[in-house]
Amino acid sequence: MLKVLLVDDEMYVRKGLYELINWMDLNMEIIGEAENGVEALNLIECLQPDVIITDIRMPILDGLELIRAVEKIPHLEPVFIIISGYHDFKYAQQAIRYGVHDYILKPIDDEELTATLQKSANLICNKRKHILWTEGQASNIMLEDVIKGHVQKEDEHRYAEMLGINRNSSLLITLIELQTGLDAIKITIEQLREAVHSLESNLCKMFISEQQRGTFALLLLWPDHHQGDSALQDNLHNIHITLSKRFNLDIGLYAGTLVKEIGDVTQSLMAAEEAAKHKYAETGGVVRYTEIKDKPLFVFNVYQDEVDQLILSLEEGNRSAYHKIVEEKFKLFHMNRFSSQALSGSLLRYITGILAVVHEMGGNDEGLQQLKELAQQSHEGWNLRLLKDAFLIALEEAEDYVSHLRMERSKGDISKIKRYIDANYTENINLKSIAALFYMNPVYLGRLFRKSYNQYFNDYLLNLRIHEAKKLLRQTDLRMYEVAARVGFQNADYFVTQFEKLVKLSPTEYRNLLMGNEQRGAQCQDGT
């Protein structure tokens with residue numbers, strides 16, 4: 001991105017320039033503005049702009065003086081563009097003699113200024129290319145031009161000569177994808193260039209350029225006298241194996257078409273990009289456009305019943321079941337030739353379904369970090385194996401989180417159930433009736449109650465009833481069958497049996513013991 005500084009004492013002119021030009025399209029950005037030459041000079045020394053658009057007539061330090069001052073700053077050669085009123089034409093002519101790139105008369109015409117800026121950008125790029133050429137990097141810059149299709153027809157011969165491309169060679173673009181998945185593995189272009197250089201021979205010559213993080217473009221010069229398809233295939237597989245072993249990584253290699261002219265290299269690149277779309281449908285790590293160009297890709301997502309099946313097994317904690325579902329599903333992704341977008345969409349559908357279940361259970365996304373991270377990934381830097389492994393790990397995390405949420409919710413439910421028992425123990429209640437009331441399995445409820453309160457449900461209920469029975473025996477003169485009924489026993493004899501079991505006395509003995517103690521206490525008070 002080229003840096004632009006605006007210098008004009010009229011604020012509306014500076015603001016107008018912001019709106020007049022589409023700076024982004026020109027690969028430029030305005031980094032500052034000044035209203036006089038002195039202010040501009042300070043900014044220039046600090047910001048080091050590539051392009052300076054300045055008026056001539058300004059207070060304190062005018063445009064010409066500014067240009068002369070900048071010339072004295074070492075290692076700084078910005079392109080100057082003068083904007084001037086008609087009456088300043090002679091000044092503009094003088095500025096041109098100072099080496100100013102161009103001048104434009106006010107009012108400013110947007111097309112004229114855009115064309116001037118484009119010429120300035122080209123001038124700067126050419127200067128930089130020349131500098132880099134002296135540093136031995138010109139071939140890399142020229143390679144970028146070739147791959148991006150920026151080479152003019154009249155320059156093709158010069159580019160071919162500089163890159164060592166002769167008429168007996170065909171050109172092939174092959175995309176190299178470092179498949180790292182979620183692992184933050186950084187392979188630099190220098191490392192990759194060194195590895196590729198070791199593969200060069202008299203048979204073929206290779207150049208490499210970074211396209212984006214983790215993806216590189218390899219320009220392979222293939223001699224026409226070795227045009228055999230099997231020889232080219234062997235060469236690509238050799239590149240694939242060598243790079244995979246060198247970096248201990250899964251590598252994706254996507255080969256475009258052989259072309260003869262430098263101007264057609266972009267066609268080979270587009271073919272390589274098309275081949276990359278088939279990476280989940282092909283095996284071996286090397287995908288050639290010539291082999292997949294007539295093969296269709298599946299572009300739809302999985303069906304909802306398939307999503308429901310996996311989520312059910314996950315909710316039930318049946319790890320072997322959902323592992324089997326995922327294994328079979330990924331085999332189908334490959335066999336049915338799922339496109340990258342279709343596969344990503346399918347995984348997202350599974351993930352969305354799991355998130356919905358978690359939210360219904362009162363959970364949040366924070367408990368599903370693996371799934372969230374997987375959902376945010378593009379299909380770049382992945383293959384089927386990496387995706388499947390990452391998905392299974394994310395599902396296991398989700399299973400553990402769902403189990404945790406269920407346990408937390410169960411703790412809340414069991415508290416409600418205990419409160420219900422405490423309030424209704426005098427009724428004819430049992431484990432089965434309470435489980436039905438709370439829509440739970442009675443066996444599961446029994447286990448949950450014991451785990452939560454360290455005693456069986458029936459023991460807790462019996463202790464609660466006997467405790468209340470003792471209270472009634474102490475405080476009332478109710479008959480035994482009345483006490484039994486009051487605390488929830490339907491049978492008085494069963495009540496007596498259970499009372500004796502816990503208290504080691506019959507209800508009558510317990511009451512008589514209390515009455516005897518009271519009589520003895522009264523006698524002591526009477527002094528007898």
Side-chain angles (χ1 to χ4, degrees), residues 140 143-144 146-148 171-199 204 206-220 232-258 265-293 295 297 330 333-334 337-345 347 373-374 376-391:
N140 298 333
L143 177 62
E144 292 282 347
V146 170
I147 292 173
K148 294 177 180 178
L171 298 93
L172 175 74
I173 287 289
T174 298
L175 293 176
I176 301 173
E177 181 184 50
L178 307 180
Q179 297 171 341
T180 60
L182 291 173
D183 294 333
I185 300 174
K186 174 64 175 175
I187 306 296
T188 66
I189 189 170
E190 288 77 16
Q191 291 173 297
L192 203 57
R193 187 174 286 124
E194 181 184 348
V196 167
H197 181 69
S198 69
L199 294 167
C204 67
M206 296 179 237
F207 300 93
I208 192 163
S209 170
E210 188 166 12
Q211 296 294 98
Q212 60 187 41
R213 183 178 176 86
T215 303
F216 302 82
L218 179 70
L219 176 62
L220 186 148
L232 178 59
Q233 183 74 3
D234 290 344
N235 193 274
L236 290 172
H237 277 288
N238 182 43
I239 294 171
H240 178 258
I241 292 170
T242 301
L243 294 180
S244 298
K245 289 182 177 179
R246 177 74 169 264
F247 300 111
N248 194 28
L249 282 179
D250 289 341
I251 301 287
L253 227 60
Y254 314 115
T257 52
L258 285 166
V265 167
T266 51
Q267 296 178 19
S268 184
L269 175 61
M270 286 189 289
E273 290 170 343
E274 187 63 30
K277 296 177 183 178
H278 291 248
K279 67 176 180 177
Y280 297 140
E282 299 292 320
T283 56
V286 179
V287 184
R288 296 179 60 190
Y289 176 76
T290 53
E291 295 176 350
I292 57 86
K293 62 180 181 178
K295 295 180 180 179
L297 286 174
F330 270 78
F333 287 156
H334 174 70
R337 304 188 65 81
F338 266 54
S339 69
S340 298
Q341 290 77 12
L343 197 150
S344 297
L347 290 182
E373 194 167 358
L374 192 57
Q376 293 166 358
Q377 295 295 313
S378 67
H379 58 267
E380 307 294 340
W382 292 85
N383 56 33
L384 274 183
R385 182 188 64 81
L386 289 171
L387 274 174
K388 183 188 70 176
D389 291 348
F391 188 45

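These values consider heavy atoms only, across backbone and side chains, with no hydrogens, waters or symmetry-generated copies.
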Minimum heavy-atom distance [X]-[Y], with the two atoms named:
X: Lys279; Y: Val287; value: CA-CG2, 4.4 Å
X: Ile292; Y: Arg337; value: CG2-NH2, 4.1 Å
X: Ile187; Y: Phe216; value: O-CZ, 3.8 Å
X: Leu249; Y: Gln179; value: CD2-O, 4.5 Å
X: Thr266; Y: Lys148; value: CG2-C, 3.7 Å
X: Gln267; Y: Thr257; value: O-OG1, 4.3 Å

Nearest 0.5 Å please: distance from the [atom1] atom of [X] over to the [atom2] atom of [Y].
X: Ile147; Y: Glu210; atom1: CD1; atom2: CD; value: 11.5 Å
X: Ile173; Y: Glu273; atom1: CD1; atom2: CD; value: 9.5 Å
X: Asn383; Y: Tyr280; atom1: CG; atom2: OH; value: 7.5 Å
X: Leu232; Y: Leu220; atom1: CG; atom2: CG; value: 7.0 Å
X: Gln212; Y: Glu380; atom1: CD; atom2: CD; value: 5.0 Å
X: Leu343; Y: Leu384; atom1: CG; atom2: CG; value: 6.0 Å

Using modelled atom types and a 3.5 Å cut-off, is there a donor and acceptor pairing between side-chain atoms of [X] and backbone atoms of [Y]?
X: Lys277; Y: Gln341; answer: no
X: Ser209; Y: Glu144; answer: no
X: Glu177; Y: Thr215; answer: no

Going by heavy atoms in the side chains, are [X] and [Y] under 4.5 Å from each other?
X: Gln233; Y: Arg288; result: yes
X: Phe330; Y: Leu387; result: yes
X: Leu253; Y: Ile176; result: yes
X: Leu182; Y: Trp382; result: yes

For residues 239-248, run the donor-acceptor check on the side chains, cut-off 3.5 Å, and write out each pair with its distance to 0.1 Å, sequence neighbours left out.
{"unit_1": "His240", "atom_1": "NE2", "unit_2": "Ile251", "atom_2": "O", "d": "2.7"}
{"unit_1": "Thr242", "atom_1": "OG1", "unit_2": "Asn238", "atom_2": "O", "d": "2.7"}
{"unit_1": "Ser244", "atom_1": "OG", "unit_2": "His240", "atom_2": "O", "d": "2.8"}

